[in-house]
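Working notes for the structure below.
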Amino acid sequence: MPTQSNDQAGEGLLRVLADNVPAMIAYYEPKNLRCVFANRVYAESNGCSVDSIVGKTVREVVGEEAWRLIEPQVERVLKGEKVEYIRPMTLPGGEQRYIEVNLIPHLDSEAQMLGAFVLITDITRHQLAERAIRESEERMRKFAAATSEGIFFHKDRVLTDVNEALLAIMGYKREEMIGHDTLEFVPPEWHQTMTDYIRAQREDPYEAEALHKSGHKIAVELVGKTMHMKGETLRMGALRDITARRHAEARIQYLAHHDMLTGLPNRAYLTERLASILALARRHGTLVAIMFIDLDNFKTVNDSLGHHVGDALLKQVATRIREVLREADMVSRLGGDEFLVILADFSAPDDAANVASKLLQVIATPVEFEGRQVCANASIGISVFPRDGDNADDLIRHADAAMYSAKEHGRGHSRFYAPGLSDTAAETQARESRLREALRRGEFVLFYQPQLRVSDLRLVGIEALVRWRHPDRGLTDPSEFIEFAETRGLIDEIGQYVLREACRQNKAWQDAGLAALPISVNVSAVQFRRGDLVAEVKRALDDTGLESRYLELELTEGILMDQDTVGSALAGLRALGVKITIDDFGTGYSSLSYLKRYPIDKLKIDRSFIDDLGTDEDERAIAIAIINLAKTLKLTALAEGVERQEQLDFLRAHGCDEFQGYLAGNPVPAEVFTAFSRG
């Protein structure tokens with residue numbers, strides 16, 4: 001039996017080793033560049049077997065296209081040079097790979113060329129990984145260049161890169177920021193916050209301040225992310241200038257507590273302040289006077305000279321009242337031509353009488369508007385703490401009664417409250433009886449106002465608005481009876497009628513083949529606080545057959561302050577499938593936390609923010625802020641009071657969803673709206 005020689009055994013071992021390494025290995029003789037040896041991976045990668053590849057030239061093995069690429073490298077190795085390069089390689093099956101080629105000359109002791117070793121490594125995975133990194137970095141660069149947010153990278157707080165937007169926000173040049181500690185660009189009072197944020201590797205957004213190169217502070221929103229790049233751990237930060245948003249929020253806060261026309265505190269703010277003033281007076285044993293001021297002839301001015309003159313007169317009166325009062329005193333416009341004054345910390349009622357006399361005098365001084373003199377007399381009712389009441393509600397109510405008494409006794413003067421002045425209840429009782437009679441006679445009717453989509457002016461919703469067909473005065477606006485109905489406990493019956501009739505009419509329209517649209521109904525605070533609103537809504541839907549998704553309830557922000565009652569009611573309505581809209585958004589409740597707490601679907605931008613979009617920069621900023629807030633929270637933004645094309649153009653440009661107002665269509669009876677919706 002023949003035995004293997006050592007050479008044969010060594011050659012066999014070499015073959016086994018060569019065929020089991022992942023690299024491609026071959027050896028070519030130098031004269032004709034024919035293959036002398038190749039391992040299995042090299043042969044198969046070139047479409048050959050180990051036996052068939054031996055004797056073939058390099059050109060025959062790799063093909064003409066590859067030969068043109070590698071010929072210069074082959075010439076170099078034949079000159080005795082070690083060569084290394086990277087090239088693409090197409091496998092027999094058509095798959096594209098990337099290979100790293102090492103050509104190693106084999107020289108004898110006299111430096112004569114004996115052959116050339118070929119060692120090839122498949123580096124496709126590495127190439128693709130590097131390409132992905134390059135593409136990712138390129139995307140990052142393009143994103144950083146395109147965004148308006150400031151982007152920066154830092155390692156251990158030292159800035160390594162910034163984008164152009166950050167330089168524009170901060171006012172620096174790139175070389176003035178790169179290599180510097182991030183804390184150099186932050187006010188000292190924010191150093192610890194930022195340090196703790198970075199140390200904890202937090203990735204949630206937070207608000208802080210940055211320092212502009214000029215030295216002024218910038219309100220910013222910051223968010224950081226931990227990133228791993230090229231074997232290093234970096235932090236990427238995004239910075240957004242929120243100065244405009246802060247101004248808009250401050251403006252909304254201001255408007256929530258102030259009258260827009262005169263700039264005076266509104267009733268909500270005055271009530272808060274009055275509670276504090278009364279508490280202080282109790283502690284120190286001092287007096288507080290409440291003055292209810294009503295202009296006697298304001299309606300005549302409005303009707304004869306126009307609302308613009310009436311508004312100018314109200315602003316002038318507000319200024320004159322402020323000039324009479326001390327710094328510790330307070331004046332508020334309650335609405336219309338009514339003002340409320342608080343005189344804090346005085347010693348005798350005569351002091352209040354003297355202030356009232358001065359107020360009557362300055363208010364009655366003629367004011368010149370558009371070349372004519374306008375006079376505004378006033379009647380003032382006064383109540384005094386603690387003599388006339390121990391709480392704000394009683395004191396305001398008694399001052400109101402005293403004011404009506406002053407009007408009844410000739411107007412143009414002041415009168416202190418005295419027991420019995422509230423006997424004007426007879427008039428109140430008569431008014432209440434007339435409203436009850438109107439309910440019995442069915443004198444209340446609904447008008448319907450279209451709500452259109454901003455983008456294409458398609459009809460997307462309907463608002464139901466109540467009117468009183470008064471037998472003597474004709475069609476009466478709700479502003480003349482809703483508030484009184486709330487105070488006299490009649491709003492429940494009116495609200496039930498509005499809810500049921502709106503549902504009935506909407507179902508009738510759908511049954512007649514009109515497009516199925518949601519109808520919105522205003523709900524008063526009284527209806528919410530009664531506690532059975534959810535059951536009432538369910539009954540209305542069941543009785544009329546209207547699907548709940550076609551009913552929206554509108555409520556004002558102030559209602560949301562009563563968290564216990566409102567929270568359960570809104571949850572119940574959401575369970576029914578009814579949508580919720582916040583009406584007059586931005587003019588009431590000062591906190592925005594309820595937008596996350598409650599199931600709200602739509603924000604209705606108050607018309608006061610729409611009226612002056614063309615001229616008032618603050619109103620534009622607020623409108624934009626509300627629209628963006630709605631987008632962020634995935635709510636629908638609806639603007640009311642849209643009367644002019646430029647207002648609609650503004651809303652369209654800033655992404656408002658829906659609108660209503662004169663430009664969309666005025667409130668009309670059901671039969672007129674039917675024709676409108678068919679058209």
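Numbers for residues simply follow the sequence, beginning at 1.
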| query | How far apart are the closest heavy atoms of G665 and P450, and which atoms are they? | reply | O-CD, 3.6 Å
| message | If you count heavy atoms of other groups shown closer than 6.0 angstrom to OH of Y85, is the number above 12? | response | yes
| message | Closer than 4.0 angstrom, basic N to acidic O: yes or no for E547 and R549? | response | yes
| message | Check this for me: does any side-chain nitrogen of one of E207 and R245 sit under 4.0 Å from a carboxylate oxygen of the other? | response | yes
| task | Flag yes if more than 12 heavy atoms outside H247 fall under 6.0 Å of its NE2 atom; otherwise flag no. | result | no
| field | Worked check of salt bridge (Lys or Arg N to Asp or Glu O under 4.0 Å) between R174 and D161 | value | CA-CA 8 Å; R174 186 180 303 275; D161 199 5; 3.3 Å; yes
| request: May I ask you to decide if D611's main-chain N or O and R644's side chain share a donor-acceptor pair within less than 3.5 Å? | output: yes
| message | I'd like to know whether CD of E65 has more than 12 heavy-atom contacts from other residues, nucleotides or ligands below 6.0 angstrom. | response | no
| query | Taking the six-membered ring for Trp, are Y197 and Y206 parallel (under 30°), tilted (30 to 60°) or perpendicular (over 60°)? | reply | tilted
| request: Considering non-hydrogen atoms only, spot the tightest contact between M89 and N46 and give its length. | output: CE-OD1, 3.9 Å
| Taking the side chain from H191 and the backbone from L183, do they hold a donor-acceptor pair closer than 3.5 Å? | yes
| request: Identify the heavy atoms of C656 and A639 that sit nearest to each other, and give their distance. | output: SG-N, 4.0 Å
| message | Any carboxylate oxygen within less than 4.0 angstrom of a Lys/Arg side-chain nitrogen, looking at K604 and E463? | response | yes
| In this structure, are over 12 heavy atoms from other groups packed under 6.0 Å from K82 atom NZ? | no
| said: Within this structure, what is the CD1-CG distance for the pair I580 and L553, rounded to the nearest 0.5 Å? | reply: 5.0 Å
| request: Please work out whether the ring planes of H654 and F650 are parallel, tilted or perpendicular, with thresholds of 30° and 60°. | output: tilted
| query | Which value, rounded to the nearest 0.5 Å, describes the distance between L635 atom CG and T581 atom OG1? | reply | 10.0 Å
| query | Crowded around Y98 OH? As in, over 12 foreign heavy atoms under 6.0 Å? | reply | no
| task | Show your working on salt bridge (Lys or Arg N to Asp or Glu O under 4.0 Å) between R240 and E149 and close with a plain yes or no. | result | CA-CA 5 Å; R240 177 184 300 169; E149 292 189 351; 2.4 Å; yes
| request: Give the minimum heavy-atom separation between P88 and Q96, together with the two atoms involved. | output: CB-NE2, 3.0 Å
| query | Should the pair H106 and F117 be assigned to parallel (<30°), tilted (30 to 60°) or perpendicular (>60°) ring geometry? | reply | tilted
| E643 side, atom CD; L663 side, atom CG - distance, nearest 0.5 Å | 9.0 Å
| task | Could you walk me through whether D241 and T243 pass side chain to side chain donor-acceptor pair (under 3.5 Å), step by step? | result | CA-CA 6 Å; D241 186 343; T243 304; 2.6 Å; yes
| task | Say whether R34 and T57, considering side chains only, have a donor N or O and an acceptor N or O under 3.5 Å apart. | result | no
| query | How far does CG of L452 sit from CG of L638, to the nearest 0.5 angstrom? | reply | 9.5 Å
| said: For E617, I'd like to know if atom CD has over 12 heavy atoms of other residues, nucleotides or ligands within 6.0 Å. | reply: no
| request: Can you measure from CZ (R97) to OG1 (T124) and round to the nearest 0.5 angstrom? | output: 3.5 Å
